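Naming: A, B, ... by sequence-line order, numbering from 1 per chain. The structure displayed is predicted, hence computed values, not measured ones.
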2 protein chains.
Amino acid sequence: MSSHDVKKKCKSCALYSDSKLFCASLSGNELCDLSDHSRTLSMKRGDTLEGDALSHWPIVAIDDGVVSIQHLLQDGRKTIAALFMRGDILDLRNISNRNRGALVALGKVNICRMAPKVFAQIMAENPNSQKIVWENLRDQAFRAIDHSADIAKKQALEKLASFVLECRNRQEITGNTEVIDIPVRRVDLAEYLGMQPETVSRGFKDLENRGVLDVISLKAVKIKNLQFLRRIADGDKDVIDEKGDPGSFKVLQFG
Amino acid sequence: MSSHDVKKKCKSCALYSDSKLFCASLSGNELCDLSDHSRTLSMKRGDTLEGDALSHWPIVAIDDGVVSIQHLLQDGRKTIAALFMRGDILDLRNISNRNRGALVALGKVNICRMAPKVFAQIMAENPNSQKIVWENLRDQAFRAIDHSADIAKKQALEKLASFVLECRNRQEITGNTEVIDIPVRRVDLAEYLGMQPETVSRGFKDLENRGVLDVISLKAVKIKNLQFLRRIADGDKDVIDEKGDPGSFKVLQFG
DNA sequence: TGAAAAAGTTGATCGAGATCAAAAAAGCCC
DNA sequence: GGGCTTTTTTGATCTCGATCAACTTTTTCA
């Protein structure tokens with residue numbers, strides 16, 4: 001594959017075009033080398049990555065879309081244990097022996113699978129790239145830890161509020177219009193938060209009744225009262241206890 | 001600090017004496033340098049690491065004991081979002097701005113806090129050490145992800161079974177005596193699994209009634225039927241549905 | 001070692017969210 | 001764009017685990 005092809009393949013990928021992401025940190029030679037030893041792949045909702053596909057290409061970088069790790073219990077209960085998005089790099093080497101989760105696309109997804117050898121070489125030789133990948137993995141770990149905290153003790157409304165804030169954290173806020181993109185379906189959201197789709201639906205309605213946010217569509221909400229949203233997510237019972245009568249909740253000026 | 005002192009300080013530490021762990025992978029010079037730029041610390045139950053202590057020494061390696069990340073909600077609910085043990089290396093650089101968790105010891109703990117500069121240098125220069133730290137962080141991430149799956153949809157008995165198996169995974173099995181060390185208290189266990197201490201207590205009793213394990217003490221259980229324990233943890237309702245009458249559950253021979 | 005404090009267990013009651021059922025909305029495909 | 005499927009929402013009921021309270025065991029520390 002020539003250097004020209006490399007450019008063509010990588011130019012449109014977020015990992016290269018966003019200067020904060022992995023491929024943007026590579027030297028020309030490294031990018032060329034990695035490009036020669038990688039395969040892009042488009043997935044649609046429900047497509048999974050497993051078995052040979054994973055053992056040969058265990059390093060997965062996400063260009064676009066949302067990928068989940070799903071755990072299936074024997075009686076059919078399903079859990080989405082983690083969500084990965086643009087810029088995330090998954091290292092699935094030696095993962096099959098302990099982790100039961102499958103990698104499933106939650107919509108249209110573009111990924112790039114890298115040969116572990118070249119990836120490892122770059123990690124060893126390019127401190128700057130290493131730092132980017134390390135910080136990404138550390139973020140993955142802490143996101144998972146925070147998520148555990150969210151689903152362990154919080155109640156339905158609080159989980160939803162936390163999720164909206166998590167989405168807000170992960171996306172650039174364009175201007176001050178607080179329109180937050182919800183990148184997953186209601187069913188997936190329910191599975192991610194450990195609740196039922198019915199409860200998710202009721203929860204959003206409740207938040208809407210409290211005047212905290214507007215549900216613009218299934219794919220977006222508009223935050224109307226960020227302070228209250230934060231307090232609900234933080235488990236402030238003074239806010240929760242009012243039963244969601246429109247406009248009638250306690251107005252506590254400062255937190 | 002002389003090279004002799006270095007030896008004295010590090011000789012008794014698991015990170016050095018266990019050949020699979022970080023400090024054992026260092027060259028003599030690196031170990032010396034890191035030792036000069038690190039501080040050991042003994043903690044007792046309830047001691048926390050935060051503020052200046054963390055921003056100056058954000059790399060924390062665990063020699064012995066159990067350390068938790070705790071999240072506190074505004075009405076007092078507490079969650080243990082993650083557990084860290086011997087060999088784990090925590091990178092808490094830039095963590096204060098997004099993560100609300102505090103680092104709390106759950107018993108007697110020995111840690112070693114490292115200067116980020118020396119740590120980063122070793123990461124950049126010693127591929128072998130880098131690999132060990134990388135794999136440890138990856139394990140932390142996947143442990144957290146698996147834990148999310150455990151607490152999201154599983155019911156009380158299944159969570160407990162999963163936890164016992166998690167403990168089993170993390171400790172060397174000595175011979176075939178299936179005695180598993182439970183390194184945390186009941187309250188902490190409850191907070192980690194997102195349930196109440198009462199429910200933990202009832203759960204262990206239930207598992208005992210089913211003949212799956214014996215509760216030897218508050219600190220150890222003995223697995224009597226590993227296969228059933230696995231199936232309960234996996235959400236097999238055929239096993240769960242029998243209401244825990246001693247010896248009367250369905251005996252399904254194979255998987 | 002023994003008394004006080006903390007942690008854990010057992011029992012009884014209650015409620016948030018699961019579950020079941022059915023209608024409404026959104027997405028899809030020819 | 002209209003008929004089809006899939007997803008989401010709404011309503012009614014039920015259940016598992018939370019909560020409250022009393023008791024027992026373990027740990028702590030003088």
note: Lys153(B), atom NZ; dG17(C), atom P; distance rounded to Å ~ 14 Å
For the helix from dT1(C)-dA30(D) to dC30(C)-dG1(D), what angle lies between the axis at the first five pairs and the axis at the last five pairs, to 10 degrees?
-> 70°
If you restrict it to nitrogen or oxygen atoms, what contacts under 3.5 Å exist between nucleotides 17-19 of chain D and the protein, and what is each distance?
unit_1, atom_1, unit_2, atom_2, d
dG17(D), OP1, Ala156(B), N, 2.7
dA18(D), OP2, Gln196(B), N, 3.4
dA18(D), OP2, Thr199(B), OG1, 2.4
dT19(D), OP2, Gln196(B), OE1, 3.3
dT19(D), OP2, Gln196(B), NE2, 3.4
dT19(D), O4, Arg202(B), NH2, 3.0

Atom pairs and distances, donor-acceptor, side-chain atoms in residues 61-68 of chain B, under 3.5 Å, two or more places apart:
unit_1, atom_1, unit_2, atom_2, d
Asp63(B), OD1, Ala14(B), N, 2.9
Ser68(B), OG, Gln70(B), NE2, 3.2
Ser68(B), OG, Val104(B), O, 3.0

Whole-Å distance separating the CG atom of Asp188(B) from the P atom of dA6(C) = 16 Å
Name the orientation class of the two ring planes belonging to Tyr192(A) and His147(A) (parallel below 30°, tilted from 30 to 60°, perpendicular beyond 60°).
-> parallel
Are the charged groups of Glu158(B) and Arg77(A) less than 4.0 angstrom apart, N to O?
-> yes
Can a side chain N or O of Arg186(A) be found less than 4.0 Å away from OP1 or OP2 on dT8(D)?
-> no
Do NZ/NE/NH1/NH2 and the carboxylate oxygens of Lys222(A) and Asp214(A) come within less than 4.0 Å?
-> no
Mapping Arg45(B) and Lys205(B) to their closest nucleotides on DNA chain C, which lands nearer the 5' end?
-> Arg45(B)
Salt-bridge test for Arg143(A) and Asp139(A): reply yes if a basic N is under 4.0 Å from a carboxylate O, no otherwise.
-> no
Between Ser17(B) and Lys11(B), a side-chain donor and acceptor under 3.5 Å | no
NZ/NE/NH1/NH2 to OD/OE distance under 4.0 Å, Arg170(A) and Asp181(A) = no
By side-chain contact (heavy atoms from CB on, under 4.5 Å), which residues pair with Arg230(B), not counting sequence neighbours?
-> Leu165(B), Arg168(B), Leu226(B)
The correct set of residues in residues 213-221 of chain B placing a heavy atom under 4.0 Å from DNA chain D is Lys219(B)
Below 4.0 angstrom, N of the basic side chain to O of the carboxylate: do Asp188(B) and Arg45(B) qualify?
-> yes
What nucleic acid atoms does Val187(A) come within less than 4.0 Å of, heavy atoms only: base, sugar-phosphate, or nothing?
-> sugar-phosphate
Reported CG-to-CD distance for the pair Leu213(B) and Glu178(B), which is rounded to 0.5 angstrom | 11.0 Å
Can you name the residues that form a side-chain contact (heavy atoms from CB on, under 4.5 Å) with Thr199(A), not counting sequence neighbours?
-> Ala156(A), Met195(A), Gln196(A)
